[in-house]
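As the structure is a computational prediction, the values presented were derived from the model and not from experiment.
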Amino acid sequence: QVQVVESGGGLVQTGGSLRLSCTASGRTFSNYVMGWFRQAPGKEREFVARIYTTPSYSDSVKGRFTLSRQNAKNTVYLQMNSLKPEDTAIYYCAVKYRGEPEYDYWGQGTQVTVSS
């Protein structure tokens with residue numbers, strides 16, 4: 001029932017920045033936990049960051065990435081700075097309701113490529 005759309009991926013050099021956006025449909029956006037995950041070729045999907053009232057980050061991106069939300073626009077933003085080749089992956093936005101254990105709705109993904 002919730003449609004999730006990511007955008008903002010692209011090709012950048014090491015040390016560059018990108019801002020990813022994610023918009024989720026629905027009248028209860030403020031009640032969504034919004035998460036970001038990524039998957040590189042040949043690797044399993046990994047957690048990147050999530051936000052409800054406050055953001056949380058994986059150790060690999062802490063201090064470089066910043067997650068924020070604008071509820072009036074049904075949108076979250078993932079600001080990625082000091083990008084490294086290891087950040088290259090398809091980035092997925094996901095949605096779950098507060099109190100539920102699993103993310104139920106996923107976007108199509110957006111490619112981030114960091115050249116060395």
### Message
Holding to salt bridge (charged side-chain N to carboxylate O under 4.0 Å, His left out), I want the full list of residues that pass it with Glu46, two or more places apart in sequence or in another chain.
### Response
Arg38
#### Entry: Min side-chain heavy-atom separation Ser17-Met80 under 4.5 Å
no
### Query
Are the side chain of Thr110 and the backbone of Gly9 linked by a donor-acceptor contact shorter than 3.5 Å?
yes
### Task
Report yes if the side chains of Ser68 and Val76 come closer than 4.5 Å at any heavy-atom pair, otherwise no.
no
### Message
Let's go through Tyr105 and Tyr97 carefully: what are the C-alpha distance in whole Å and the side-chain angles of both, what is the deciding distance for side chain to side chain contact (heavy atoms under 4.5 Å, CB included) to 0.1 Å, and is it a yes or a no?
### Response
CA-CA 10 Å; Tyr105 308 99; Tyr97 289 99; 4.3 Å; yes
## Note on the structure
Residues passing the side-chain hydrogen bond (donor to acceptor under 3.5 Å, both in side chains) test with Tyr52, sequence neighbours excluded, are Arg98
### Message
Holding to salt bridge (charged side-chain N to carboxylate O under 4.0 Å, His left out), I want the full list of residues that pass it with Lys43, two or more places apart in sequence or in another chain.
### Response
none
#### Entry: Hydrophobic cluster of Leu11, others only, ordered by chain and residue number, side-chain cut-off 4.5 Å
none
### Message
Any non-hydrogen side-chain atom of Val48 less than 4.5 Å from a side-chain atom of Phe65?
### Response
yes
### Residues which pass side chain to side chain contact (heavy atoms under 4.5 Å, CB included) with Gln13, listed by chain and number, not counting sequence neighbours
Ser115
### Query
What pairs with Arg45 under side chain to side chain contact (heavy atoms under 4.5 Å, CB included), at least two apart in sequence or on another chain?
Phe37, Gln39, Trp106
### Task
With sequence neighbours excluded, give me every salt bridge (charged side-chain N to carboxylate O under 4.0 Å, His left out) pair touching residues 54-79.
Asp59-Lys62, Arg64-Asp87
### Query
With a 4.5 Å heavy-atom cut-off, do Thr66 and Tyr57 have their side chains touching?
yes
### Task
Spell out, as yes or no, whether a donor-acceptor pair under 3.5 Å connects the side chain of Thr88 to the backbone of Val114.
yes
Residues 20-34, side-chain donor-acceptor partners within the protein, below 3.5 Å, at least two apart:
{"from": "Thr23", "atom 1": "OG1", "to": "Thr75", "atom 2": "OG1", "distance (Å)": "3.1"}
{"from": "Ser25", "atom 1": "OG", "to": "Gln3", "atom 2": "N", "distance (Å)": "2.9"}
{"from": "Tyr32", "atom 1": "OH", "to": "Ser25", "atom 2": "O", "distance (Å)": "3.0"}

### Query
Does Gln108 have any side-chain hydrogen bond (donor to acceptor under 3.5 Å, both in side chains) partners at least two apart in sequence or in another chain, and if so, which?
Glu6
### Task
Give the other cluster members for Val5, using side-chain heavy-atom distances under 4.5 Å between Ile, Leu, Val, Met, Phe, Trp and Tyr residues; answer none if it is isolated.
none
### Ala89 to Ala40 - nearest heavy-atom pair and separation
CB-N, 3.9 Å
### Message
So, using side chain to side chain contact (heavy atoms under 4.5 Å, CB included) as the criterion, who are the partners of Glu86 when residues are at least two apart?
### Response
Lys84
### Non-hydrogen side-chain atoms of Val2 and Asp104 separated by less than 4.5 Å
no
### Message
Show every disulfide (SG to SG under 2.5 Å) that has at least one partner inside residues 41-74, sequence neighbours left out.
### Response
none
## Note on the structure
CG (Leu78) and CG (Leu67) are apart, to the nearest 0.5 Å, by 6.0 Å
